[in-house]
*Asks:* 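The following block contains the structure, expressed as structure tokens.
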Amino acid sequence: MKDIPSKLNPSIEIMDCTLRDGEQTNGVSFLPHEKLMIARLLLRDVNVDRLEVASARVSEGEKDAVSKICAFAKREGYLDRIEVLGFVDHHQSIDWIRECGGQVINLLAKGSLKHCTQQLHKTPQQHIDDILEELDYAEKMGMRVNLYLEDWSSGMKDSPDYVYQMMEGLKGTQIERFLLPDTLGIMNPLQCMDYVQKMLSYYPDKHFDFHAHNDYDLAVSNTLAAVMCGCKGVHVTVNGLGERCGNAPLASVQAILHDQLHVKTNIDESQLNMISRVVEDHSGIILAANQPIVGENVFTQVAGVHADGDSKDNLYCNELKPERFGRKRAYALGKNSGKANIEKNLEELGMDLTPEQTRKVAQRVTELGDRKEFVTQDDLPFIVADVLKHDTLEDRVKLLSYMVSTSYGLKPIASIKISINGQVYTADATGDGQYDAFVKALRKIYKDNLNRTFPRLANYTVTIPPGGHTDALVQTVITWHEQTGRIIRTHGLDADQTEAAIKATFKMLNIVEAEN
């Protein structure tokens, strides 16, 4: 094991498969313009080395997407980095890719005897002959070829002689890269190291890529093992999208290669959070809050002792600093927060309290946490005002009265009466729902009476607090975007969903008003 680091390549190629393998996630289907946008971001901003964008001959929509991507890539000088999965199908895939403007085919061959004999009903030599025929045609058409050995991990486990027979039959061809997939996600890192080392010991002059699947939650570990043993390239997807349990996530693989193996990649780490959010939005697959690097909570300290340690020479920080990935550290507010978390949040808000005042605020936050209420940084000024009973943070925007109604066949109606800095305003509006009507009435007041822009509602989430029941209080968390680009997140808690949303809205308005 000690000699493994010497086999490391100084730089590693990253091939992103989000638009091909990632789209095989159940329920995910990207439209052509979405594929083009994601491809552009991955190439221009994230700077992946290669991009596998589709499988050949899937549909006319896929052909349109690949054509658009290839046209863009040709204009920008990226075309040699665009790859398409193709099949041993009497040249049909090669022709399809050429018609789209592509230049590189990732040819899918069988990497296990079982797949060759039971799926293709071919002998190994017949399969090799078919591949050679495709390679000859690709060369005549000016196409570059990489070769997938599908189910390679099973092949090395159950039929290694078949794998070596395939390599012997193809090693003298123009294949640029041999792609080694753990198609069923069956390997552990020790097996991966053993199999990769064998491939490289027999064929040291070949370029091998490793393609991991995550069925045993070992995709990242296996990718690490493959690179340690000499693989020159690895395959990833944004957010780990992929069939069944998915593939190795781009962000995690990049962090491990950089921090654990100290190898060079061309990835711009500051763009990883951005591409994660874009793919999350367009795939509809919500990212787990604890997903390493890109999850919402991964740079949030909850325990007060950790916040205290961060103030004392970053005792609870590692190399995964949030700024490196275009993010910032946060300190959660709840029953585990402690005084240090409160101080960190107050510092960021620019609020200076005495130690005794801070203690009282921390006590109130803990009480709210015990009641399972969700406390955000934007709630903190109101908690401070309530605890300290002073006027500096008194509500300047107040709800005096409101009425919302809904009837079958008619749009909901809202009538509201509010005061802003002591001035009373009224408005009526209809909307697609009770809360929508309420907000439209508010917008009318801000536009017609105040000539001011109302923050844009970006996200609206309704949940039952953890441990609650169907008849329990509902918690509404609303995210707002101001024109300045600032994001405000507020919450309300009430037995009625609309009332909870209204509370969250007025918290936001008072935050904004306090700064005017």
*Asks:* With sequence neighbours excluded, tell me which residues meet side-chain hydrogen bond (donor to acceptor under 3.5 Å, both in side chains) with Glu139.
*Replies:* none
*Asks:* Would you check if the side chain of His115 reaches a backbone N or O of Asp151 as a donor-acceptor pair within less than 3.5 Å?
*Replies:* no
*Asks:* Can you find a pair of side-chain heavy atoms, one from Cys70 and one from Leu79, that are under 4.5 Å apart?
*Replies:* yes
*Asks:* Is there a donor-acceptor pair under 3.5 Å between the side chain of Glu52 and the backbone N or O of Ile82?
*Replies:* no
*Asks:* Hey, does Leu218 have a side-chain heavy atom less than 4.5 Å from the side chain of Gln191?
*Replies:* no
*Asks:* Please tell me if the side chains of Val227 and Phe210 come closer than 4.5 Å, counting only heavy atoms from C-beta onward.
*Replies:* no
*Asks:* Are Lys198 and Asp194 ion-paired here, with the side-chain N under 4.0 Å from a carboxylate O?
*Replies:* yes
*Asks:* Using a distance-only test with no angle check, is there a side-chain donor-acceptor pair under 3.5 angstrom linking Thr237 and Asn247?
*Replies:* no
*Asks:* Run the salt-bridge test on Lys122 and Asp130 with the 4.0 Å N-O cut-off and return the result as yes or no.
*Replies:* yes
*Asks:* How far does NZ of Lys206 sit from CG of Leu147, to the nearest 0.5 angstrom?
*Replies:* 11.5 Å
*Asks:* Is there side-chain contact between Ile478 and Met508, with at least one heavy-atom pair below 4.5 Å?
*Replies:* no
*Asks:* Is it the case that atom NZ in Lys74 sees more than 12 heavy atoms from other parts of the structure closer than 6.0 Å?
*Replies:* no
*Asks:* Does the side-chain contact (heavy atoms from CB on, under 4.5 Å) test come out yes or no for Leu85 and Leu108, once each step is laid out?
*Replies:* CA-CA 7 Å; Leu85 179 75; Leu108 189 69; 4.0 Å; yes
*Asks:* Please determine if Asp436 and Lys440 form a salt bridge, counting it only when a charged side-chain N lies under 4.0 Å from a carboxylate O.
*Replies:* yes
*Asks:* Between the side chains of Asn290 and Asn297, does any donor sit under 3.5 Å from an acceptor?
*Replies:* no
*Asks:* Once the angle between the rings of Trp152 and Tyr195 is folded into 0 to 90°, is it parallel (under 30°), tilted (30 to 60°) or perpendicular (over 60°)?
*Replies:* perpendicular
*Asks:* Please determine if Glu99 and Lys63 form a salt bridge, counting it only when a charged side-chain N lies under 4.0 Å from a carboxylate O.
*Replies:* yes
*Asks:* Quick one: which of Lys35, Arg57, Arg20 gives a salt bridge (charged side-chain N to carboxylate O under 4.0 Å, His left out) with Glu62?
*Replies:* Lys35
*Asks:* If the threshold is 4.0 Å, N to carboxylate O, is there a salt bridge linking Arg50 and Asp16?
*Replies:* no
*Asks:* Heavy-atom count around Lys157 NZ within 6.0 Å, excluding the residue itself: above 12?
*Replies:* no
*Asks:* Is there a donor-acceptor contact under 3.5 Å linking the side chains of Asp129 and Gln125?
*Replies:* yes
*Asks:* Is it true that atom NE2 of His481 has more than 12 heavy atoms of other residues, nucleotides or ligands lying nearer than 6.0 Å?
*Replies:* yes
*Asks:* Which of parallel (below 30°), tilted (30 to 60°) and perpendicular (above 60°) describes Phe72 and Tyr78?
*Replies:* tilted
